[in-house]
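Below is one structure, written out as structure tokens; the observations come after it.
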Amino acid sequence: MRNASAAGPARPGRREHWSSRLAFVLAATGSAVGLGNIWKFPYITGTNGGGWFVLIYLVAVLAVALPIMVAEILLGRAAQRSPVGAFRAYSRPGSPWLGVGWLGVAAGFVILSYYSVVAGWTLHYAWLSLRGFGGLEAGQIRETFAELYADPALNLFWHAVFMALTIGIVAAGVHRGVERATRILMPVLLGMLLVLLVRAAGGEGFGRALDFVFGLRAGQLTPAGVLEALGHSFFTLSLGMGAMLTYGSYLRARDDLVATSVAVAGLDTAVSLMACLVIFPIIFSAGLAPGVGPGLVFVSLPIAFGQMPGGAFWAALFFLLLAVAALTSTISLLEVVVSHLMDEYRMRRRRAALGAGLATLLLGVPSAMSGGSALFGAGFQRLTEPLFGAGQGKNWFDLLDYLASNWMLPLGGLGIALFVAWRVGGEAREQAFKAGSRFARLYWAWVALLRYVVPAGVGAVFLHAIGVL
Ligand code: PHE
């Protein structure tokens with residue numbers, strides 16, 4: 001491959017590998033399916049009015065996200081290295097491209113720090129549901145969320161529990177940790193989701209939910225909605241920060257990359273849509289509004305569960321589902337950092353997992369305290385007003401989410417797309433794409449999407465972020 005430096009697509013040596021293609025698909029789907037699908041997708045579908053938003057999102061996945069996913073996995077598999085090493089393998093020493101790899105590792109660290117706080121909420125809610133949360137009045141449930149949000153100790157506690165689970169699994173290794181955990185957790189997740197879906201399909205409100213999610217109504221589409229759909233396609237498919245790249249680096253050479261990526265993106269999208277069809281019927285039949293924003297799952301849904309026969313049970317099942325989905329994602333976030341420490345500094349896995357995990361735990365402290373401390377909440381918000389405008393400031397948690405989702409992931413995704421499309425030698429790229437693939441014919445379409453469609457799409461997201469579009 002052109003530019004392969006001395007460090008080269010190096011000695012796979014003792015690098016661990018997935019035991020099968022299915023193991024990879026489960027782990028990658030586990031990374032992709034998370035809070036993004038079950039918490040965020042339904043609420044942004046709600047605030048954007050459904051229908052058209054969902055359609056645009058599907059187009060974004062096919063035209064922008066899927067080509068990037070193929071590029072990420074391809075680069076990881078070819079280099080057999082985590083992000084920084086993978087960029088180094090195909091560029092000159094000291095090349096600025098390495099920055100894209102570093103950005104990815106940093107993004108993994110940043111996202112995990114606040115993602116784990118929200119993941120902690122799901123555990124808290126599962127626990128509350130088991131204790132009969134279902135029986136509370138609407139007002140009490142609103143208060144419960146407000147109290148949780150404003151309670152630093154409780155947030156820290158669940159954040160720490162979630163990080164401990166994540167560290168434990170990642171420390172056990174690719175095979176005995178990540179692979180084994182996702183092999184058990186993913187079927188559990190799909191099973192729970194199907195049970196909830198069957199229940200929803202038999203209840204009232206399902207028809208309205210179907211119409212809300214898939215019905216195209218005129219005048220519904222806004223430019224902001226289009227860009228939100230595009231941005232979300234990165235987050236939900238774990239793209240732009242080397243998670244797929246790192247998982248790809250544990251693949252052996254000859255697997256059908258395109259078929260695998262289509263399977264992962266298809267499963268991820270299916271889960272998002274199913275989550276909508278579980279949540280909206282419950283919301284509609286309780287007479288609640290779909291467009292309430294982030295509180296949809298943590299406030300509206302528990303209120304609706306409270307009005308349902310057997311609601312406590314269904315609520316517990318739902319929040320456990322959410323926790324499992326989040327866990328298979330936090331594993332992949334930590335794995336990026338751990339794999340980086342192992343490849344670049346020859347650190348042993350356990351030590352890397354513990355070190356990186358504890359550092360993330362610390363970085364997450366301000367996020368866990370955003371609702372309850374003046375320092376990281378209201379006070380911090382005021383500090384950021386020069387950036388976002390008066391009254392528009394963000395607390396620590398929102399600021400990290402904004403930076404990661406709106407800047408780091410799209411920038412990383414763009415970097416990976418351009419690198420693979422323009423820098424990695426043509427012949428080698430073509431071979432890697434076609435190896436064992438039933439979709440070899442799509443090679444040029446893929447390159448064209450990476451070269452032209454991806455930059456145009458991501459460019460539009462940036463122009464929107466700085467207020468030009
Ligand atoms: N895809 C995950 C979700 O939808 C989040 C994630 C982003 C995980 C980036 C890994 C890397 O919840």
Side-chain angles (χ1 to χ4, degrees), residues 25-45 57 60-61 65-66 68-69 72-73 76 82-83 101 103-122 162-163 166 169-170 178 181-182 185-186 189 193 228-248 261 264-276 294 297 321-340 356 360 400-413 416:
V25 170
L26 286 178
T29 306
S31 168
V33 170
L35 297 169
N37 305 64
I38 304 176
W39 171 53
K40 195 161 183 194
F41 185 74
Y43 92 65
I44 58 179
T45 297
Y57 164 79
V61 167
L66 196 56
I68 297 182
M69 183 183 285
E72 265 207 58
I73 301 176
S82 47
L103 184 72
V105 177
F109 191 50
V110 167
I111 295 176
L112 183 54
S113 78
Y114 68 83
Y115 194 93
S116 163
V117 173
V118 180
W121 296 352
T122 69
F162 216 89
M163 282 309 303
T166 307
I169 292 171
V170 171
V178 181
T182 48
L185 294 176
M186 290 313 285
L189 179 137
L193 192 58
E228 188 159 20
L230 193 59
H232 184 67
S233 72
F234 279 84
F235 186 82
T236 187
L237 291 176
S238 306
L239 296 176
M241 52 146 293
M244 290 296 163
L245 191 156
T246 303
Y247 275 10
S261 305
V264 175
L267 282 166
D268 182 79
T269 302
V271 170
S272 291
L273 295 175
M274 286 199 279
C276 284
V297 158
L321 166 80
L322 201 49
V324 167
L327 183 59
T328 52
S329 297
T330 53
I331 292 172
S332 73
L333 286 162
L334 186 59
E335 181 63 31
V336 171
V337 183
V338 167
S339 183
H340 172 76
T360 317
L400 291 194
D401 183 34
Y402 167 82
L403 286 177
S405 312
N406 293 20
W407 293 98
M408 296 172 106
L409 296 187
L411 210 57
I416 290 166

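All heavy atoms count here, side chains included; hydrogens, waters and symmetry mates do not. We count ligands from 1, going down the list as the structure has it; atoms in each ligand are counted the same way. In this text, all values refer to a predicted model and were calculated from it rather than measured experimentally.
For the pair Val110/Leu403, no side-chain contact is recorded, criterion being any heavy-atom separation below 4.5 Å from C-beta on. Residues Thr360 and Ser116 form no side-chain contact, since every pair of their non-hydrogen atoms from C-beta on lies 4.5 Å or further apart. Taking 4.5 Å as the limit, every side-chain heavy atom of Val297 sits out of range of all side-chain heavy atoms of Tyr43. With contacts defined as side-chain heavy-atom distances shorter than 4.5 Å, the pair Asp268/Thr236 qualifies. Side-chain contact between Thr330 and Leu112 is present, with at least one heavy-atom pair separated by less than 4.5 Å.
Close approach to Gly34 involves these atoms of ligand 1, each under 4.0 Å from a residue heavy atom: 3 (C), 4 (O), 12 (O). Short contacts between ligand 1 and Met241, defined as distances under 4.0 Å to a heavy atom of the residue, involve ligand atoms 9 (C), 11 (C). Within the listing of ligand 1, atoms 12 (O) sit less than 4.0 angstrom from a heavy atom of Leu35. Distances below 4.0 Å separate heavy atoms of Ser332 from the following atoms of ligand 1: 10 (C).
Nearest protein neighbour of atom 6 (C) of ligand 1, counting heavy atoms only, is Ser238 OG, 3.7 Å. Looking only at heavy atoms of the protein, atom 7 (C) of ligand 1 is closest to Phe235 O, 3.5 Å.
The proximity of Lys40 to ligand 1, defined as any non-hydrogen pair under 4.0 Å, does not occur for either the backbone or the side chain.
For the residues Ser405, Ser31, Gly412, the heavy atom positioned nearest atom 2 (C) of ligand 1 is part of Ser31.
Close N/O approach between Ala243 and ligand 1 is not found [any backbone or side-chain N/O within under 3.5 Å]. Between Leu239 and ligand 1, not a single N/O pair is under 3.5 Å apart. When only interatomic distances are considered, the shortest N/O to N/O separation between Ala32 and ligand 1 falls below 3.5 Å. Residue Leu333 places no N or O, backbone or side chain, under 3.5 Å from any N or O of ligand 1.
Ring orientation note: the planes of Trp39 and Trp121 are nearly perpendicular, at an angle over 60° on the 30°/60° scale. Aromatic ring pairs are classed by plane angle as parallel below 30°, tilted from 30° to 60° and perpendicular above 60°; the pair Trp407 and Tyr402 is perpendicular.
In this structure, Tyr115 has a heavy atom closer than 4.0 Å to ligand 1.
Shortest non-hydrogen contact noted between Met241 and Pro83 is O-CG, 4.4 Å.
Counting only distance, with no hydrogens or angles, the side chain of Ser329 and the backbone of Val33 share a donor-acceptor pair below 3.5 Å.
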